[in-house]
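Here's the structure we're looking at; comments come further down.
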Amino acid sequence: MTDSVPDTRPARSPRGFSWRRWRNRKIASPAFQSWASRFPLTRGHARREGERLFDLVSGFVYSQVLYAVVELDLLEVMRDAPQTVAALANRCRIPPDRMEALCQAAAALGLFERVGGGYQLASMGAALLGVPGVIGMIRHHDVFYRDMEDPIAVLRGEKETELARFWPYVFGAGAAENPEVAERYSKLMADSQTLVAEETLRTISFDGISHLLDVGGGTGAFLAAVGRACPSLKMTLFDLPAVVPAAEARFREAGMAGRVSVTGGSFRDDPLPEGADAISLIRVCYDHADETVRALMAKIFATLPPGGRLIVSEPMSGGVTPDRAGDAYFAFYCMAMQTGKARSQARIAELMKEAGFQGIETPRTRRAFVTSVVTGRKPGAT
């Protein structure tokens with residue numbers, strides 16, 4: 001399948017009566033909205049729709065309330081016992097009336113709950129502490145928020161985004177200039193890779209694989225998790241030379257140095273290490289354009305033996321069934337990065353087929369907002 005020129009013609013409208021046209025014109029009428037909010041059979045639905053609509057309108061404020069709670073370290077402070085507004089205000093150097101407003105907002109969003117005369121962490125707030133990488137992700141959002149200040153410019157490609165410079169800075173020259181920032185975001189990447197590994201291991205079996213090559217594996221968080229789950233598995237990590245020392249240190253600390261080889265190189269320019277009967281791409285494809293992914297999959301196909309497996313695991317769009325995580329969050333994140341895009345399982349399967357893979361499977365993960373998975377095999381003996 002080759003990239004085609006976009007079809008700019010308007011979508012075809014069905015002839016005759018269109019219930020969607022009738023529905024939309026009716027719902028868009030202020031008189032109908034007023035009536036629906038009063039009529040016993042429709043007022044419950046009208047209220048729920050109105051609440052969902054208002055959540056969309058005010059969502060950016062909700063996100064900033066979450067950011068404030070995280071940045072002020074209130075999650076840890078309020079985990080074990082309720083805290084008074086006065087104590088929190090004094091700790092955070094925020095006027096009491098404004099701290100009260102923050103606590104009330106966090107309680108309305110389900111992060112806090114009122115306990116006696118104070119506030120304590122609610123179950124959803126506690127869940128933030130139990131998911132590795134989420135707090136780091138929220139703190140990192142200050143960069144993404146600034147890019148999304150003008151979404152029209154992002155959509156038109158008219159804006160020089162911060163995210164386009166951010167990751168090359170953190171893992172490039174910026175790592176030497178600001179090692180604390182590099183360490184902070186290396187941990188974010190490692191924590192989130194661990195979540196992806198957990199979901200991938202729940203979704204597919206690694207039985208029958210003797211040697212796994214992880215291309216673009218960063219500092220090795222994914223391979224370390226797979227290695228713990230599959231003690232007899234031999235592993236190789238391939239990524240840019242800058243991440244090799246950190247990856248080797250991770251495997252030494254995990255007691256896996258004898259099972260893992262780490263090779264530095266670029267999958268664009270260098271040959272892939274040979275000898276593996278399975279190759280994984282973990283959060284790699286969505287960082288790159290179609291032509292780069294095509295070339296990489298072709299290189300993987302040539303490297304694998306007959307019967308070898310390709311495993312792709314990353315956040316994906318919903319395709320014909322749009323979902324919030326893939327089609328809103330990750331789609332715009334990739335757009336702001338200006339390097340790749342969130343693809344559906346079906347699109348990744350197409351790219352695999354172009355490279356020659358067969359037996360392609362698109363299993364459903366339990367937490368698609370963490371990752372989705374596509375696998376394929378090179379034809380031949382297993």
For Cys285 against Val293, the heavy-atom pair lying closest together:
O-CG2, 3.7 Å
If hydrophobic clusters are built by linking Ile, Leu, Val, Met, Phe, Trp and Tyr wherever their side-chain heavy atoms come under 4.5 Å apart, do Leu195 and Tyr333 end up in the same one?
no
Could you grab the distance from atom CD of Glu100 to atom CD1 of Ile94, nearest 0.5 Å is fine?
12.5 Å
I need the full list of ring pair (Phe, Tyr, Trp, His ring centres under 6.0 Å) pairs touching residues 297-327, with sequence neighbours left out, sorted by first then second residue.
Phe301-Phe357
Can you tell me if Tyr145 and Glu162 form a side-chain donor-acceptor pair at under 3.5 Å?
no
If you count the non-hydrogen atoms of other residues, nucleotides and ligands that lie under 6.0 Å from CZ in Arg202, is the total more than 12?
yes
Between Arg250 and Glu253, does at least one N-O distance fall below 4.0 Å, as a salt bridge requires?
no
For Phe332, what residues pass the ring-ring contact (aromatic ring centres under 6.0 Å, His included) criterion, not counting sequence neighbours?
none
If the plane angle is over 60° it's perpendicular, under 30° parallel, otherwise tilted; pick one for Phe144 and Tyr329.
perpendicular
If you measure from CD1 on Ile279 to CG on Leu272, what distance do you get to the nearest 0.5 Å?
6.0 Å
Is Glu158 atom CD crowded by more than 12 heavy atoms from other residues, nucleotides or ligands, each under 6.0 Å away?
yes
Do Thr365 and Thr203 get their side chains close enough for a donor-acceptor pair, meaning under 3.5 Å?
no
Are Leu111 and Val131 in one and the same hydrophobic cluster, where Ile, Leu, Val, Met, Phe, Trp and Tyr link if side-chain heavy atoms are under 4.5 Å apart?
yes
Can a donor-acceptor pair be found, under 3.5 Å and without considering hydrogens, that links the side chain of Glu199 to the backbone of Arg367?
yes
Treat each ILVMFWY residue as a node, draw an edge where side-chain heavy atoms are under 4.5 Å apart, and state whether Val215 and Met316 are in one component.
yes
Taking Arg146 first and then Glu149, would you say they form a salt bridge - that is, a charged N and a carboxylate O separated by under 4.0 Å?
no
Determine the minimum heavy-atom distance between Pro363 and Gln345, stating which atoms define it.
O-NE2, 3.0 Å
Determine, step by step, whether Arg48 and Glu51 satisfy the salt bridge (charged side-chain N to carboxylate O under 4.0 Å, His left out) criterion, reporting the C-alpha distance in whole Å, the side-chain angles of both residues, the deciding distance to 0.1 Å, and the verdict.
CA-CA 5 Å; Arg48 290 189 295 272; Glu51 289 171 349; over 6 Å; no
Set out, in order, the CA-CA distance, both residues' side-chain angles and the distance that settles side chain to side chain contact (heavy atoms under 4.5 Å, CB included) for Val77 and Leu75, then state yes or no.
CA-CA 6 Å; Val77 170; Leu75 298 174; over 6 Å; no
Can you tell me if Ser37 uses its side chain to pair, donor with acceptor, with the backbone of Ser34 under 3.5 Å?
yes
State, with a plain yes or no, whether a side-chain heavy atom of Val69 is found less than 4.5 Å away from one of Leu109.
no
Same cluster or not: Val115 versus Leu102, using hydrophobic residues (I, L, V, M, F, W, Y) connected whenever any side-chain heavy atoms lie under 4.5 Å apart?
no
Is there a donor-acceptor contact under 3.5 Å linking the side chains of Ser317 and Ser344?
no
Interatomic distance, Gln193 atom CD to Thr219 atom OG1 [nearest 0.5 angstrom]:
7.5 Å
Hey, any chance Leu304 and Val284 share a hydrophobic cluster, counting ILVMFWY side chains that come within less than 4.5 Å of each other, even indirectly?
yes
Validation row, ring centre His288 to ring centre Phe267 under 6.0 Å:
yes
Apply side chain to side chain contact (heavy atoms under 4.5 Å, CB included) to Ser192 and Arg283, showing your working.
CA-CA 10 Å; Ser192 54; Arg283 298 197 316 179; 2.8 Å; yes
Heavy atoms, side chains only, cut-off 4.5 Å: are Lys159 and Asp150 in contact?
yes
Donor-acceptor pair, side chain of Ser18 and main chain of Arg21, under 3.5 angstrom
yes
Gly319 versus Asp327, closest heavy-atom pair with distance:
N-OD2, 4.2 Å
Considering all heavy atoms of both residues, which atom of Gln83 and which atom of Met78 are nearest to each other, and what is their separation?
CG-CG, 4.0 Å
Please check if atom CZ in Arg20 has more than 12 non-hydrogen atoms from other residues, nucleotides or ligands closer than 6.0 Å.
no
Atom CD1 in Ile282, atom OG1 in Thr200: separation rounded to 0.5 Å?
5.0 Å
Would you confirm whether Arg165, through its side chain, and Met337, through its main-chain N or O, come within 3.5 Å as a donor-acceptor pair?
no
My understanding is that only residues two or more places apart in sequence, or in another chain, count here; which of them pass ring-ring contact (aromatic ring centres under 6.0 Å, His included) with Tyr67?
none
For the residue pair Leu281 and Leu296, establish whether any side-chain heavy-atom pair is separated by less than 4.5 Å.
yes
Heavy atoms only: give me the nearest Ile27-Gln33 pair and the separation to one decimal.
O-NE2, 2.9 Å
Indicate the ring-plane relationship of Tyr286 and Phe330, choosing parallel, tilted or perpendicular according to the 30° and 60° boundaries.
tilted
Check Ala276 against Leu213 and note the closest heavy-atom contact, atom names and distance.
CB-CB, 3.6 Å
Please say whether more than 12 non-hydrogen atoms of neighbouring residues, nucleotides or ligands are located less than 6.0 Å from CZ in Arg52.
yes
Distance-only polar pair, side chains of Ser372 and Arg364, donor-acceptor under 3.5 Å:
no
Under a 4.5 Å cut-off applied to non-hydrogen side-chain atoms, are Thr375 and Ile204 in contact?
yes
Whether Arg294 and Glu354 form a salt bridge (side-chain N of Lys/Arg under 4.0 Å from carboxylate O of Asp/Glu) is what I want to check.
yes
Report, one line per pair, each donor and acceptor closer than 3.5 Å where one atom sits in a side chain of residues 222-249; sequence neighbours left out.
unit_1, atom_1, unit_2, atom_2, d
Thr236, OG1, His211, NE2, 2.7
Thr236, OG1, Ser261, OG, 3.0
Asp239, OD2, Gly217, N, 3.4
Asp239, OD2, Gly218, N, 2.6

Looking at side-chain heavy atoms only, is the closest gap between Met352 and Gln358 below 4.5 Å?
no
Side chains of Lys341 and Asp290: closer than 4.5 Å at any heavy-atom pair?
yes
May I ask you to test the Pro151-Met148 pair for a side-chain heavy-atom distance under 4.5 Å?
yes
Going through the distances and angles, do Tyr119 and Glu113 end up as a side chain to side chain contact (heavy atoms under 4.5 Å, CB included)?
CA-CA 6 Å; Tyr119 295 85; Glu113 55 191 6; over 6 Å; no
Looking at Arg343 and Ile348, would you say the former's side chain and the latter's main chain have a donor-acceptor pair under 3.5 Å?
no
Donor-acceptor pairs are to be reported for all side-chain atoms of residues 39-46 against protein atoms at under 3.5 Å, with residues two or more places apart or in another chain.
unit_1, atom_1, unit_2, atom_2, d
Thr42, OG1, Ala36, O, 2.9
Thr42, OG1, Phe39, O, 3.4

Side-chain contact test, heavy atoms from C-beta onward, threshold under 4.5 Å: evaluate it for Leu74 versus Cys92 and give yes or no.
yes
Sequence neighbours left out, what passes side-chain contact (heavy atoms from CB on, under 4.5 Å) with Asp73? Give chain and number order.
Arg91, Arg139
Step-by-step side chain to side chain contact (heavy atoms under 4.5 Å, CB included) determination, Glu314 to Val373
CA-CA 7 Å; Glu314 65 184 35; Val373 178; over 6 Å; no
Side-chain donor-acceptor pair present, Ser280, Asp214, cut-off under 3.5 Å:
yes
